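Below is one structure; the comments refer to it alone.
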Amino acid sequence: MDVGELLNYQPDRGAKRNRDGDGGAAGADEDSRGGKQHKGLSAREMARYREAGIEGGGEMRDYDDLSQDRKRILEKLMDRDEDEPEAEPVDESSVKKMILTFEKRSYKNQELRIKFPDNPEKFMETELDLNDVIQEMHVIATMPDLYHLLVELNAVHSLLGLLSHENTDVAIAVVDLLQELTDIDTLQESEEGAEVLIDSLLEGQVVALLVQSMERLDEQVKEEADGIYNTLAIVENMSEFRPGLCTEAAQQGLMQWLLKRIKAKMPFDANKLYCSEILAILLQNNDNTRELLGEMDGIDVLLQQLSVFKRHNPSTAEEQEMMENLFDALCSCLMLAANRDRFLKGEGLQLMNLMLREKKMSRCSSMKVLDHGMIGAEGADNCHKFVDILGLRTIFPLFMKTPKKMKKSVSSEKEHEEHVCSIIASMLRNLKSQQRSRLLNKFTENDCEKVDRLMEMHFKYLEAVQQADKRIEGEKHEMVRRGEILDDGIEDDFYIRRLDAGLFVLQLICYIMVEISNSGIAQLQQRVQQILNLRGGSVKVVRHIMREYAESIGDGKSEEFKEAERKRIMDLVENF
């Protein structure tokens with residue numbers, strides 16, 4: 001920046017936060033006059049120009065050629081900055097003063113709006129003043145220890161009241177402030193201050209008010225679209241700090257608004273992406289929100305939105321992220337038995353089956369959805385329907401050969417094989433009569449090639465798990481040698497590492513082996529035993545894996561179900 005540009009420089013008034021370290025009204029006044037912007041450019045800038053003049057000579061000569069008037073203006077600017085007092089430090093006293101100013105301006109604006117409802121000139125000045133003080137209050141976000149003052153002095157209640165202000169600019173300014181106050185990094189700086197603020201916001205029905213505020217914003221206007229984005233950020237911040245509020249948020253109208261926004265016929269944008277993300281967060285590990293979504297016909301909304309990707313890939317990385325969020329939301333919903341019936345009636349199985357055949361980006365995620373829809377006893381109806389719509393023709397080619405795109409990444413190859421094996425295991429568990437016979441016949445086709453593939457995967461994952469076990473045993477031995485205690489937490493961590501190494505896929509493969517061996521088709525049992533003997537495998541190892549699987553089965557289910565399922569698996573193992 002040369003001196004000419006410096007003299008013509010105007011500060012950027014549109015930036016949301018340009019107050020790092022300044023406090024209160026004094027800081028805002030300096031900003032509005034541009035004093036703060038010039039302050040850091042005075043002596044240091046001049047020194048830089050002198051250095052440049054010594055080195056090159058050109059810029060210094062240009063400076064000498066400036067008119068005397070322009071020199072005087074520059075000197076005055078520098079003098080004024082030196083005379084100005086430093087910004088007031090942010091402390092309890094200055095925050096109290098700021099909140100008092102905010103309350104006065106808010107009351108004054110409200111009073112004039114009631115007195116002169118049809119004469120904006122009368123209250124416009126107070127509205128600008130109110131907006132200014134809301135901007136100044138952003139500095140409180142740098143001091144979460146002082147959040148209790150916002151609650152004690154009733155500022156939170158007043159801010160929430162302004163979310164329904166007739167002027168949407170004021171409402172958006174409040175949203176910006178709340179978004180910054182609830183920033184997750186800030187909340188974690190002071191647990192006590194954060195708890196007080198979040199409690200007060202929830203007590204004031206913050207989510208319901210935010211939803212009402214979003215309802216009246218027009219996304220065609222950039223500032224209002226940004227206001228919606230920041231509103232969603234507030235919800236994300238609060239749900240990350242306190243996951244338990246997701247149910248309350250969904251019930252206060254947020255779930256309905258999200259579904260309406262996701263299905264709106266509007267071009268894809270950042271807000272639609274964010275809506276899909278918030279929806280996935282609300283549904284995570286929460287049966288209440290899953291049920292609510294099901295009752296609002298949310299399964300149909302998700303299927304309609306995903307059907308776009310049946311024959312077309314997402315055009316951008318952001319759109320792909322949105323697609324994955326919607327798939328995640330659908331998988332979460334299918335954890336609830338009632339939603340599986342809605343998924344079945346909404347022809348979700350047909351859509352997922354088509355996606356598997358089309359070989360687009362949606363293929364991997366659609367398989368994950370099928371897995372969630374068919375697993376456990378609640379998935380029996382979906383399993384039967386999947387066979388009826390000729391799903392076996394789709395799933396077995398994917399079982400026989402992992403797609404090349406998946407093979408490029410070890411994790412996605414394992415994930416693909418896990419979902420395929422889980423779907424086949426679910427069908428073996430749930431199918432009855434004719435559909436079960438059709439499934440078992442698939443294993444006898446082409447000289448039992450599918451059994452050969454199953455055994456190939458068995459030895460692949462057995463080796464991976466044995467290597468992981470060897471490493472874990474070495475670590476355990478080392479810990480015991482050092483005198484460390486192997487508590488339940490450490491044992492759980494080791495078990496998770498074994499699962500990551502491929503133990504769960506190995507358990508599914510062994511379950512399929514045991515099921516087909518007990519099917520009454522001698523050809524299948526003989527082929528399994530033949531390959532085990534050829535490759536030096538052991539029936540004992542398979543039985544041990546299945547016993548471990550039976551012990552860990554049915555997490556979250558009733559004790560009766562767990563016991564019955566364990567007995568069923570152990571009976572299969574005994575007859576293997």
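Position 1 is the first residue of the sequence, and the numbers go up from there. Keep in mind the model is a prediction, meaning the values are calculated, not measured. For the numbers below, each heavy atom of this structure counts, side chains included, while hydrogens, waters and symmetry mates do not.
When every heavy atom of Asn131 is checked against every heavy atom of Ala173, the shortest pair comes out as OD1-CB, 3.4 Å. The two residues Met323 and Leu306 make their nearest non-hydrogen contact at O-CD2, 3.8 Å. Between Met352 and Leu303, the shortest heavy-atom distance links the atoms CE-CD2, 4.0 Å. Of all the heavy atoms in Met355 and Phe327, the pair that sits closest is SD-CZ, 3.7 Å. Closest approach of Asn237 to Leu187, counting heavy atoms only: O-CD1, 4.4 Å. The minimum heavy-atom distance between Val151 and Ser200, with the atom names listed, is CG2-CB, 3.7 Å.
Here Asp297 pairs with nothing under the side-chain hydrogen bond (donor to acceptor under 3.5 Å, both in side chains) rule; sequence neighbours left out. Partners of Glu127 under the side-chain hydrogen bond (donor to acceptor under 3.5 Å, both in side chains) rule, at least two apart in sequence or in another chain, are Asn109, Arg113, Asn167.
The shortest distance between side-chain heavy atoms of Glu321 and Glu277 falls below 4.5 Å. Within the 4.5 Å cutoff, the side chain of Phe241 has heavy atoms near those of the Glu195 side chain. Residues Met143 and Val95 are not in side-chain contact: their nearest non-hydrogen atoms beyond the backbone lie 4.5 Å or more apart. In this structure, the side chains of Thr182 and Leu201 come closer than 4.5 Å at one or more pairs of heavy atoms. Side-chain atoms of Leu100 and Lys96, non-hydrogen and from C-beta on, never get closer than 4.5 Å to each other.
Expressed to the nearest 0.5 Å, how far OH of Tyr229 lies from OG1 of Thr231 amounts to 12.0 Å. Rounded to the nearest 0.5 angstrom, Leu279 CG and Thr289 OG1 are separated by 8.5 Å. Atom CE of residue Met137 and atom OG1 of residue Thr101 lie 9.5 Å apart, to the nearest 0.5 angstrom. Taking CG from Asp91 and CG from Leu146, the interatomic distance works out to 8.0 Å, rounded to the nearest 0.5 Å. The NE2 atom of His138 lies 9.0 Å from the CD atom of Gln179; values are rounded to the nearest 0.5 Å. Between the CG atom in Leu356 and the CD1 atom in Ile423 there is a gap of 7.0 Å [rounded to 0.5 Å].
For Gln256, the CD atom counts as loosely surrounded, since its 6.0 Å shell holds 12 or fewer non-hydrogen atoms of other residues, nucleotides or ligands. Counting heavy-atom neighbours within 6.0 Å of Tyr495 OH, excluding the residue itself, gives a total above 12. Under a cut-off of 6.0 angstrom, the local environment of CG in Asp488 is sparse, with at most 12 non-hydrogen atoms contributed by other residues, nucleotides or ligands. Heavy-atom neighbours of Glu111 CD from other residues, nucleotides or ligands within 6.0 Å: above the threshold of 12. Shown here is Glu166, whose CD atom has more than 12 heavy atoms of other residues, nucleotides or ligands within 6.0 Å. Environment of CD in Glu215: crowded, with over 12 heavy atoms of neighbouring residues, nucleotides or ligands closer than 6.0 Å.
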Criterion salt bridge (charged side-chain N to carboxylate O under 4.0 Å, His left out) on Asp287 and Arg290, from CA distance to verdict = CA-CA 5 Å; Asp287 278 349; Arg290 289 165 184 166; 2.9 Å; yes
For Lys115 and Phe123, run side-chain contact (heavy atoms from CB on, under 4.5 Å): C-alpha distance rounded to whole Å, both residues' side-chain angles, the deciding distance at 0.1 Å, then the answer.
-> CA-CA 9 Å; Lys115 203 171 180 181; Phe123 57 72; over 6 Å; no
Carefully, step by step, assess Val156 and Val206 under the rule side-chain contact (heavy atoms from CB on, under 4.5 Å).
-> CA-CA 10 Å; Val156 171; Val206 62; over 6 Å; no
Just do the side-chain contact (heavy atoms from CB on, under 4.5 Å) check on Met238 and Ile234 with the steps written out, would you?
-> CA-CA 6 Å; Met238 293 199 303; Ile234 296 169; 4.3 Å; yes
Output, in order, the C-alpha distance, side-chain angles, deciding distance and verdict of side-chain contact (heavy atoms from CB on, under 4.5 Å) for Leu112 and Lys122.
-> CA-CA 7 Å; Leu112 291 177; Lys122 296 283 187 182; 5.5 Å; no
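For Ser365 (side chain) and Ser362 (main-chain N/O), no donor-acceptor pair under 3.5 Å exists by modelled atom type. Ser239 places a side-chain N or O within 3.5 Å of a backbone atom of Val235 that can act as its donor or acceptor partner. Side-chain N or O atoms of Ser307 include one that pairs as donor or acceptor with a backbone N or O of Gln304 at under 3.5 Å. The main-chain N or O of Cys333 is found under 3.5 Å from a side-chain atom of Asn339 such that the two form a donor-acceptor pair. With His165 contributing its side chain and Gly161 its backbone, the two residues share no donor-acceptor pair below 3.5 Å. For the pair Glu358 (side chain) and Lys310 (backbone), a donor-acceptor distance under 3.5 Å is absent. Distance alone, capped at 3.5 Å, is enough to place a donor-acceptor pair between the His416 side chain and the Leu398 backbone.
Side-chain atoms of Ser158 and Glu103 include a donor-acceptor pair closer than 3.5 Å. If you check the side chains of Tyr274 and Glu236, you find a donor sitting under 3.5 Å from an acceptor.
For the pair Asp300 and Arg342, the salt-bridge criterion is not met [side-chain N within less than 4.0 Å of a carboxylate O]. Using a 4.0 Å cut-off between charged side-chain N and carboxylate O, Lys222 and Asp226 make a salt bridge.
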